[in-house]
J.: 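Could you have a look at this structure, given as structure tokens, before my questions?
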There are 2 protein chains.
Amino acid sequence: MMIPRAAKTQRRTRIQEEKEEKILEAALDVFSANGFRGATIDQIAEAAGMSKPNLLYYFRTKEAIHRALLDRMLFTWLEPLQAFDPEGNPETEIRSYIRRKLEMSRDFPRESRLFANEIIQGAQHIEDELKGPLKELVDEKAEVIRAWIKAGKIAKCDPYHLIFSIWSTTQHYADFDVQVQAVLGDKSGEGRFEDAARFLEDLFMRGLAIKPATG
Amino acid sequence: MMIPRAAKTQRRTRIQEEKEEKILEAALDVFSANGFRGATIDQIAEAAGMSKPNLLYYFRTKEAIHRALLDRMLFTWLEPLQAFDPEGNPETEIRSYIRRKLEMSRDFPRESRLFANEIIQGAQHIEDELKGPLKELVDEKAEVIRAWIKAGKIAKCDPYHLIFSIWSTTQHYADFDVQVQAVLGDKSGEGRFEDAARFLEDLFMRGLAIKPATG
DNA sequence: TCGATATTTGACCGATTGGTAAAAGCTTAC
DNA sequence: GTAAGCTTTTACCAATCGGTCAAATATCGA
């Protein structure tokens, strides 16, 4: 007899792994482009190249697909902030945080939009993660920034809003890409990410009164 | 005989005006919370306190409601940037632009989310407006900023990315409000907007190497 | 090769979707 | 008051929605 999916404790077959991968890949396309309510199982199934019942054999509900996507992404998404090093010096740390976040916007725009959709629409599926792990991580890193301020290494400012401003400016290039491209017009090749990096690094370095190392 | 809606050249009755207003108000709630695809006419009708066919008497399609909302909002949304004055001095202009945009995030979060949803999901309904009026306006104001740079009034930087960064940082407090509140926790009363204003004004003033007038 | 299990399919379900038809009820100018 | 036009409702439609079921088929270890 077939073992119900819920009871499976470990991955079984190669097919399972492949198909689940294909489904999540397709779901990322669809959810990031339409939000949870706007996405349909049929769309995902078609994008994944399989029938709807077949898809539902691997994920029992639309919610389950969405959950799986968010779960796998949450870690990745927080990773750059995790890497923020208390021992490092502010210039290096903030510069590379900006650069990393910008690279993620460039290389994983769908992931960024998946989150953006989710949060804009009320974050009903990840409320706990926001108030738990995310908040804790931000609290921790805000403390690091506060220490830098106390040590006179960067200008006095609210660490939380500093973090928000880095999030928003960098994610903008993924989430609002069509707008950015519409405004920049032909000028916007892939160079827009490098221009953005230069601009943002300058803005934040000067804004935090960090003088660039001239060594 | 009843004159078909499309042929009406001018507003007729008081009732029409009132009901259309009610529908758009309700639609703003629903579209901003779910995106276009995720919103349903039934939801809007219920929020507006009327039957679906009754609603469809005033707007023939879901698209028409959405269009009407976007049309009425686009002007309002660009107004702060319009007000950007070439004759003014950079400090005043940029400070007040930030403040205005932040006030809009505070006072009209649904409007902000309506646009955010629309753009994240590909801007299919406002592509023309982005590439037309918006681009022209931004081009014009970028020229103003460029002039300030040439005159040595603010630090050298890419004017387009400067505008993007002001958009993203300010709109963040409307679009990602649940995340902001989750992270700030109890600390976040309405004070978060004033904290944000202080932070952003400092960041951009220093970031653009504008020394605050000490007169 | 064979049987057990894993995968896929087609046919289907009730609920919800965007939207329509027609008639009933309501306003308003005359 | 009444008729013409404006508004609202009831009943309905086909298409799509998320999801189920049983049967058919493919895979794989012994």
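Residue numbers start from 1 in every chain, and the chains themselves are labelled A, B, ... in the order their sequence lines are given, proteins ahead of strands.
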J.: Can we say E129(B) and R67(B) salt-bridge, meaning some charged N sits less than 4.0 Å from an Asp/Glu carboxylate O?
T.: yes
J.: Looking for any heavy atom pair under 4.0 Å, which part of the strands does A39(A) touch: base, sugar-phosphate only, or nothing?
T.: sugar-phosphate
J.: Starting from C1' on dT9(D), measure out to CD on E46(B) and report it in whole angstrom.
T.: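 From E46(B) CD to dT9(D) C1': 17 Å.
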J.: Whole Å only: how far is the CG atom of D42(B) from the P atom of dT16(D)?
T.: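 Result: 17 Å.
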J.: Kindly say if R37(B) contacts the phosphate of dC17(D), meaning a side-chain N or O under 4.0 Å from OP1 or OP2.
T.: yes
J.: Taking side chain to side chain donor-acceptor pair (under 3.5 Å) as the criterion, tell me which of R113(A), H125(A), Q124(A) meets it with E118(A).
T.: H125(A)
J.: Can a salt bridge be assigned to the pair R198(B) and D158(A) using a cut-off of 4.0 Å between side-chain N and carboxylate O?
T.: no
J.: Just how far, in rounded Å, is C1' of dC12(C) from CD1 of I41(A)?
T.: 16 Å
J.: Would you kindly give the CG-to-P distance between N34(A) and dT16(D), to the nearest whole Å?
T.: 16 Å
J.: Hey, does the side chain of K19(A) come within less than 4.0 Å of dT8(C)'s phosphate (OP1/OP2), counting only N and O?
T.: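 Answer yes for this pair, as a side-chain N or O of K19(A) is under 4.0 Å from OP1 or OP2.
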J.: So does N54(A) get a side-chain nitrogen or oxygen closer than 4.0 Å to the phosphate oxygens (OP1/OP2) of dT9(C)?
T.: yes
J.: Over how many whole Å does the gap from Y57(B) atom OH to dT20(C) atom C1' extend?
T.: 15 Å
J.: How long is the span from the OH atom in Y57(A) to the CD atom in E20(A), to the nearest 0.5 Å?
T.: 10.0 Å
J.: Taking OP1 and OP2 of dT8(C), is either one under 4.0 Å from a side-chain nitrogen or oxygen of S51(A)?
T.: no
J.: Dump the intermediate steps for side-chain contact (heavy atoms from CB on, under 4.5 Å) on F204(B) and R95(B), then the final yes or no.
T.: CA-CA 8 Å; F204(B) 281 100; R95(B) 270 205 140 90; over 6 Å; no
J.: How is A45(B) classified with respect to the nucleic acid when contacts are heavy atoms under 4.0 Å: base, sugar-phosphate, or nothing?
T.: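 Nothing, no nucleic acid heavy atom in range.
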J.: Starting from P on dT8(D), measure out to NZ on K22(B) and report it in whole angstrom.
T.: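 So the two atoms are 10 Å apart, to the nearest Å.
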J.: If you find the nucleotide of DNA chain D closest to T40(A) and the one closest to P53(B), which residue's nucleotide is nearer the 5' end?
T.: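 By nearest-heavy-atom nucleotide position, the 5'-most residue is P53(B).
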J.: I want to verify a distance call: between dG19(C), dT20(D), dG18(D), whose nearest atom is closest to the L56(A) side chain?
T.: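 Side chain of L56(A) sits closest to dT20(D).
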J.: Measure the distance from CD on E20(A) to P on dT7(C) and round it to the nearest whole Å.
T.: 9 Å
J.: Once you apply a heavy-atom cut-off of 4.0 Å, does K52(B) come out as touching a base, just sugar-phosphate, or nothing?
T.: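 Base, at least one base atom sits under 4.0 Å.
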J.: Can you measure Q16(B) atom CD to dG5(D) atom C1' for me and round it to whole angstrom units?
T.: 12 Å
